[in-house]
Engineer: 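The structure under discussion is supplied below as C-alpha cells; questions concerning it will follow.
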Amino acid sequence: MSTYNFDYLDELEAEAIHILREVAGQFEKPALLFSGGKDSITLVRLAEKAFRPGKFPFPLVHIDTGHNFQETIDYRDKMVERIGERLIVGSVQESIDQGKVVEQKGKNASRNALQTVTLLDTIAKYEFDACIGGARRDEEKARAKERIFSVRDEFGQWDPKRQRPELWNIYNGKIHKGENVRVFPISNWTELDVWNYIRRENIELPSIYFSHERDVITRNGQLMAASPFLNMDDEDLVFKKQVRFRTVGDMSCTAAVESEATLIDDIISEISASKISERGARLDDKVSEAAMEDRKKGGYF
C-alpha cells in the first residue's frame with residue numbers, strides 16, 4: 001500500500017486550488033488581480049496547478065498607479081510573457097486625466113487610495129463578476145473579518161455586517177446583477193506560509209524582496225525609497241541603506257526594512273523573529289485605526 005505524506009503546505013495548497021476551481025465553476029467573468037507582489041505571484045502558481053495544461057479561465061488584471069517600483073513592472077511583463085496569459089492594465093493616471101480622481105497634495109500624498117476608482121471602472125468595463133486577490137487574514141484586522149467569498153454591492157462597496165456563512169468549505173457565489181465577489185484563496189495563509197511555499201516551489205520574485213543597497217529617506221519613522229514620486233523637500237536627507245521590502249505597493253506609501261537577507265531562508269528567519277506585521281511598513285494603513293476597513297467599504301480590494 002502506498003504511503004502519502006502531506007504537510008500543512010499541501011493542505012493550504014489544496015484548499016486554494018479548490019477555491020480557484022469554485023470561482024471558475026460559479027462565475028461567468030472572473031479575473032485575477034495581480035499586483036506583482038509575492039501573494040499574487042503565489043496565486044499565479046496556484047492557478048497553474050489548478051488549470052494547466054489548459055489556459056486560465058480568467059485574465060490577470062493590474063491596477064497601475066504609475067508610481068510602482070520599476071522592478072515590479074519588469075517582473076510583471078516578464079512573467080506574463082512566460083505564462084502566456086492575458087493581462088489587462090487599469091491606469092490610475094488615466095483616471096486622473098479624465099477628472100475621475102484628484103491627485104493628492106502635501107508631503108504624504110499617495111496614489112494608493114485612488115486605485116479604488118480605477119479598479120471599479122475596470123470591473124465595470126469588462127463586467128467582471130468575481131475578482132481573485134491575494135489578501136490574507138493575518139495582514140490586517142479588517143481583512144481578518146472578511147470571508148473567502150466576499151460580496152460587494154452594485155457600487156463596489158463592502159458591508160462587514162452583510163457576510164455569508166462558509167460552512168464545510170461551501171462557498172456561495174450567487175449574486176444579483178451589478179454585484180461582484182472578491183475572492184481570497186490564500187485567506188487562511190500567513191506571511192510565513194507564503195514564504196515557505198515560495199521556497200518549496202522555487203518561485204522567482206522581484207528583486208526588491210531581497211536585500212539590496214538603495215537611496216532612502218526617513219519619513220514618519222519609516223525608510224522610504226527616494227524617488228520622484230515622493231514629495232521631498234530640504235528636510236528629506238537622502239542616504240544609502242541595505243534594505244528589502246516585505247510588501248509591494250505604491251512607492252509613495254511602501255516602506256523598506258533594514259535587512260541583510262539575500263536568500264529565502266534568511267528572510268524566513270527574519271519573519272519568524274519579527275513582532276511587526278508586514279503591513280506595518282504601509283503608511284496608508286496608519287491614516288487611522290480603521291483606515292483599511294474604510295477603504296474596503298468604499299470599494300478598495
Side-chain angles (χ1 to χ4, degrees), residues 7-10 12-13 16 34-46 67-79 82 110 112 133-140 143 186-227 229-230 236-286:
D7 65 12
Y8 80 101
L9 290 177
D10 293 317
L12 291 173
E13 179 188 76
F34 184 80
S35 69
K38 66 183 187 310
D39 299 313
S40 57
I41 292 169
T42 296
L43 284 179
V44 170
R45 173 57 58 86
L46 291 164
H67 290 177
N68 296 290
F69 290 91
Q70 188 58 46
E71 296 95 329
T72 306
I73 299 300
D74 291 344
Y75 178 95
R76 179 200 70 185
D77 295 342
K78 179 181 175 183
M79 188 207 71
R82 175 182 63 80
S110 170
N112 193 56
R136 308 185 323 270
R137 289 192 174 111
D138 76 317
E139 291 181 271
E140 202 274 340
R143 287 181 166 170
I186 61 171
S187 186
N188 292 329
W189 297 38
T190 66
E191 182 186 12
L192 197 56
D193 295 335
V194 173
W195 278 104
N196 280 323
Y197 189 75
I198 288 168
R199 176 175 61 181
R200 190 184 83 170
E201 297 293 312
N202 195 27
I203 299 173
E204 182 183 355
L205 294 176
S207 59
I208 59 174
Y209 276 111
F210 301 91
S211 179
H212 59 283
E213 188 176 71
R214 184 182 286 266
D215 288 339
V216 298
I217 65 169
T218 301
R219 176 72 59 87
N220 299 323
Q222 303 266 31
L223 294 174
M224 304 293 294
S227 81
F229 307 135
L230 289 181
D236 294 313
L237 302 178
V238 178
F239 56 99
K240 292 187 181 294
K241 273 285 187 184
Q242 202 71 20
V243 300
R244 71 176 191 87
F245 292 85
R246 288 178 69 183
T247 180
V248 172
D250 193 291
M251 287 189 76
S252 60
C253 65
T254 305
V257 294
E258 286 191 66
S259 175
E260 298 290 335
T262 57
L263 300 173
I264 288 182
D265 285 344
D266 300 330
I267 292 173
I268 289 173
S269 295
E270 271 191 4
I271 295 169
S272 299
S274 177
K275 296 182 180 179
I276 300 173
S277 162
E278 63 191 291
R279 297 290 303 193
R282 293 292 292 270
L283 299 186
D284 50 323
D285 287 351
K286 301 180 184 299

Engineer: Could you verify whether a donor N or O on one side chain and an acceptor N or O on the other, from S110 and N112, lie under 3.5 Å apart?
Structural biologist: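 No.
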Engineer: Which of parallel (below 30°), tilted (30 to 60°) and perpendicular (above 60°) describes H67 and F229?
Structural biologist: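 Ring orientation of H67 relative to F229: parallel.
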Engineer: Could you check whether W189 and Y8 have their ring centres less than 6.0 Å apart?
Structural biologist: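 No.
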Engineer: Roughly how far, to the nearest 0.5 Å, is OG of S259 from CZ of R246?
Structural biologist: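 Separation between the atoms: 10.0 Å.
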Engineer: Between V194 and E191, does a side-chain contact (heavy atoms from CB on, under 4.5 Å) hold up when you go through it step by step?
Structural biologist: CA-CA 5 Å; V194 173; E191 182 186 12; 5.8 Å; no
Engineer: Which pair of heavy atoms, one from M251 and one from N68, lies closest together, and at what distance?
Structural biologist: SD-O, 3.6 Å
Engineer: Return the CZ to CD1 distance between R136 and I186, rounded to the nearest 0.5 Å.
Structural biologist: 6.0 Å
Engineer: Can you name the closest pair of heavy atoms from T72 and G36 and give their distance?
Structural biologist: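 So the two residues come closest at CG2-CA, 3.6 Å.
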Engineer: Looking at E139 and K38, is there a salt bridge between them, counting it only when a charged N and a carboxylate O are closer than 4.0 Å?
Structural biologist: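 E139 and K38: not salt-bridged.
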Engineer: Using 4.0 Å as the upper bound for N to carboxylate O, is an ion pair formed by R200 and D7?
Structural biologist: yes
Engineer: Could you grab the distance from atom OG of S211 to atom CZ of F245, nearest 0.5 Å is fine?
Structural biologist: 11.0 Å
Engineer: Between D215 and F239, is the side-chain contact (heavy atoms from CB on, under 4.5 Å) condition met? List the steps.
Structural biologist: CA-CA 5 Å; D215 288 339; F239 56 99; over 6 Å; no
Engineer: Where is the tightest heavy-atom contact between V248 and G37, given as atom of each residue plus distance?
Structural biologist: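 Minimum heavy-atom separation between V248 and G37: CB-CA, 4.2 Å.
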Engineer: Is a donor from one side chain sitting under 3.5 angstrom from an acceptor on the other, for S269 and D266?
Structural biologist: no
Engineer: Hey, are the side chains of D74 and E71 touching, using non-hydrogen atoms and a 4.5 Å cut-off?
Structural biologist: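 Result no, sub-4.5 Å side-chain heavy-atom pair not found.
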Engineer: If you round to the nearest 0.5 Å, how far is CD1 of I208 from OH of Y75?
Structural biologist: 11.5 Å
Engineer: How far apart are the closest heavy atoms of I264 and F210, and which atoms are they?
Structural biologist: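 Shortest heavy-atom separation between I264 and F210 comes out as CG1-CE2, 3.8 Å.
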Engineer: Would a distance-only check, ignoring hydrogens and angles, find a side-chain to backbone donor-acceptor pair under 3.5 Å from T218 to G221?
Structural biologist: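 No, T218 side chain to G221 backbone: no donor-acceptor pair under 3.5 Å.
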Engineer: Can you list the steps and then say if I41 with L205 is a side-chain contact (heavy atoms from CB on, under 4.5 Å)?
Structural biologist: CA-CA 8 Å; I41 292 169; L205 294 176; 3.8 Å; yes
Engineer: Rounded to the nearest 0.5 Å, what's the gap from CG on L192 to CG on N196? Could you check?
Structural biologist: 5.0 Å
Engineer: Quickly, which of E258, E260, E270, H212 forms a side-chain hydrogen bond (donor to acceptor under 3.5 Å, both in side chains) with R244? Name it, please.
Structural biologist: E270
Engineer: Going through the distances and angles, do V216 and K240 end up as a side-chain contact (heavy atoms from CB on, under 4.5 Å)?
Structural biologist: CA-CA 6 Å; V216 298; K240 292 187 181 294; over 6 Å; no
Engineer: Do D39 and T42 pass the side-chain hydrogen bond (donor to acceptor under 3.5 Å, both in side chains) test, and can you show the C-alpha distance, the side-chain angles, and the key distance before you say yes or no?
Structural biologist: CA-CA 5 Å; D39 299 313; T42 296; 5.5 Å; no
Engineer: Considering non-hydrogen atoms only, spot the tightest contact between S252 and L230 and give its length.
Structural biologist: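 Smallest interatomic distance, heavy atoms only, reads CA-CD2, 3.7 Å.
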Engineer: Which distance, rounded to the nearest 0.5 Å, do you find between the CH2 of W195 and the CD1 of I268?
Structural biologist: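 Here the rounded value is 8.0 Å.
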